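Written out below as structure tokens is the structure these notes cover.
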There are 2 protein chains.
Amino acid sequence: MSKPAPSSGFLSDLITRNASRLTGSDTRLLDVLVKDPVRAAIENGKEVSLRAGVHPAAAVRLAKRLGFEGYPEFRTYLQSSLVDEGNDFENPAARMAARLVRAEEGQVLSSILDSEIAALEALRTAVPDSDIRSFSEALRDARKIFIFGRGHAASLSSLITLRLQRSGYDVADLGDRTHHFAEMLNTLSPADVVWLLAFRRPSQQISDANGIASMRGAKRLALTDLHAARFDPAPDHQICASRGEAGESQSLVVPMTIANAIILDLAGIDAGKSIRSLEEFKAFRQSLPPRWRR
Amino acid sequence: MSKPAPSSGFLSDLITRNASRLTGSDTRLLDVLVKDPVRAAIENGKEVSLRAGVHPAAAVRLAKRLGFEGYPEFRTYLQSSLVDEGNDFENPAARMAARLVRAEEGQVLSSILDSEIAALEALRTAVPDSDIRSFSEALRDARKIFIFGRGHAASLSSLITLRLQRSGYDVADLGDRTHHFAEMLNTLSPADVVWLLAFRRPSQQISDANGIASMRGAKRLALTDLHAARFDPAPDHQICASRGEAGESQSLVVPMTIANAIILDLAGIDAGKSIRSLEEFKAFRQSLPPRWRR
DNA sequence: CTAGGTCTGCAATTTGAATTGCAGGCTACA
DNA sequence: TGTAGCCTGCAATTCAAATTGCAGACCTAG
């Protein structure tokens with residue numbers, strides 16, 4: 001407790017420095033504080049804790065855990081960082097324009113944020129909800145689901161697999177296991193769904209998978225960017241989203257967000273199957289001894 | 001005194017409206033308030049009046065003369081104009097709040113976009129570039145890099161591994177291969193870096209890995225959200241980012257964006273190592289027969 | 001299943017800000 | 001010059017925020 005509070009800097013410094021001591025109430029409070037730093041600096045402890053849904057005492061305890069004398073001193077700290085950056089309430093567009101003029105050094109995160117946010121904003125008009133729905137309907141009606149992605153898309157395929165499995169679906173991830181490739185595809189039936197992921201270039205293996213799935217009559221879904229959009233027997237449904245600038249965008253933010261939307265939509269149309277399965281999984285995990293959780 | 005306080009607008013309105021009643025102390029106070037509206041909204045009556053060189057009671061009397069119930073209400077008014085300005089660059093958050101009230105049907109993607117964009121916007125103020133830099137410097141100077149994440153974080157660890165490998169670094173992904181766990185960690189030396197990924201809950205294995213890495217003197221980096229921030233021997237560097245609502249946010253968009261920023265920053269400080277390696281990789285891939293590309 | 005430790009919410013207490021009654025001082029005007 | 005009216009600072013009081021002790025709840029390990 002004798003740790004002196006830093007004179008300036010970001011809240012994140014404090015959080016990471018004292019991360020080992022933080023409790024559940026603390027994180028809920030910090031969520032609120034981080035989300036809207038302006039209100040955080042203005043409001044008093046009672047208001048903040050009400051907004052976070054915790055007892056006012058929790059705010060005091062958080063402040064002490066972070067090394068402050070009490071909540072007022074903590075709020076003073078929050079205010080100091082606010083006043084320091086108080087100069088720029090410009091909109092993001094103006095900020096981006098200003099940055100393009102300035103030198104690049106030391107603006108890495110902010111510059112990436114601008115580009116990601118712009119890409120997501122573009123999504124809003126580029127992909128209609130009906131496309132999301134056609135994916136989720138196909139998944140809902142599938143006997144078995146195969147997710148297929150290579151390279152960067154393999155990371156996404158593993159994430160999608162994990163989430164769909166937890167939602168109670170029978171899913172196989174073909175992202176890494178190239179050796180099981182033939183065996184898996186061999187079991188394909190017209191009741192199955194193959195979800196293809198491809199970015200940058202259409203991989204040869206993806207094309208092969210598409211061909212085989214087509215021959216066997218399985219339903220094929222494709223989530224791609226503009227560079228990998230060409231599949232020869234056209235998939236039953238395809239969502240094709242721009243991943244921002246042609247520059248070095250290796251980011252999977254846009255396709256991952258689409259996948260999240262699909263999975264969330266699926267939970268809304270499968271008559272509670274996802275919800276129930278997630279509940280069961282949660283209960284199951286809690287029944288395990290702590291060492292095995294996750 | 002029964003005049004109701006205006007619900008919106010600027011301080012100047014109030015001043016001109018009640019100009020006839022204002023006294024000497026009042027003008028000295030208002031000078032201070034107008035000169036720095038941000039501090040005015042933040043500080044309490046005592047501080048403001050001391051700064052203006054008048055007695056604290058004068059602040060209360062000014063507030064009453066302007067038609068407020070008391071000084072706290074006056075300060076709330078000053079804050080409201082400040083927060084209103086702030087809300088202007090927070091469109092997605094406001095929109096999300098509006099939608100949560102409305103019916104959910106048929107807005108899946110747009111709703112997810114709002115929440116992701118709001119989370120990314122919050123990142124801008126929450127994580128300073130210096131944190132990014134400390135990660136990238138540690139990675140640059142590492143002999144060997146170990147990436148560690150379980151559950152959802154495993155997808156991210158595989159993506160990070162892939163990208164760092166293509167940038168020419170010696171990286172091992174401990175995301176899935178739990179069986180090699182001990183063997184990998186056994187080779188740890190103080191020249192190595194262990195990058196831990198954890199969200200939702202601190203996994204037991206992650207904690208173990210952190211402990212072992214600490215004993216062996218390897219440098220430890222942690223990228224977490226607020227709920228998984230606790231590592232007992234505190235890591236050498238930690239970035240701890242809020243992933244939006246406590247609701248069902250399983251999204252990896254925020255941590256993935258941070259990881260992208262780190263890898264991009266790394267390419268800027270490693271004297272061309274990343275760039276060269278990426279070029280080589282590109283040339284190598286094109287030298288392969290088409291069937292093997294990707 | 002039990003014991004130990006930690007976290008959380010409640011409630012009592014403390015602290016400090018906000019308010020107001022009062023007295024002194026200034027000014028304007030007769 | 002006297003006096004009425006207003007403003008100001010002081011100090012006592014009121015009120016709300018902040019703090020802390022305590023007991024129940026939860027989790028963990030044995």
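Residue numbers begin at 1 in each chain, while the letters A, B, ... track the order of the sequences. Note that the structure is a prediction, hence the values are computed from the model and not measured. Reckoned from all heavy atoms, side chains included, excluding hydrogens, waters and symmetry mates.
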Can you check the [X] [atom1] to [N] [atom2] distance for me, whole Å?
X	N	atom1	atom2	answer
A:Phe74	D:dA17	CZ	C1'	17 Å
B:Leu62	D:dC7	CG	P	13 Å
B:Glu69	D:dC15	CD	C1'	13 Å

Heavy atoms, side chains only, cut-off 4.5 Å: are A:Phe68 and A:Arg75 in contact? no
Angle class for the B:Phe74/B:Tyr71 ring planes (parallel below 30°, perpendicular above 60°, tilted otherwise)?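 Rings of B:Phe74 and B:Tyr71: perpendicular, as their planes differ by over 60°.
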Summarise protein proximity over nucleotides 5-18 of chain C in one line of letters, 5' to 3': B for base, S for sugar-phosphate only, - for none, counting protein heavy atoms closer than 4.0 Å. --SSBB------SS
Listing request: all side chain to side chain donor-acceptor pair (under 3.5 Å) pairs with a residue in residues 45-54 of chain A, at least two apart in sequence or in separate chains. A:Glu43-A:Arg51
Contacts of type ring pair (Phe, Tyr, Trp, His ring centres under 6.0 Å), residue B:Phe146, not counting sequence neighbours: none
Taking all heavy atoms of B:His152 and all of B:Leu252, pick out the closest pair and write down the distance.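 Closest heavy-atom pair between B:His152 and B:Leu252: O-CD1, 3.4 Å.
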Considering all heavy atoms of both residues, which atom of A:Arg163 and which atom of A:Asn260 are nearest to each other, and what is their separation?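 So the minimum-distance heavy-atom pair works out to NH1-OD1, 2.7 Å.
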Are OP1 or OP2 of D:dT20 and a side-chain N or O of A:Lys64 less than 4.0 angstrom apart?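 Yes, within the criterion.
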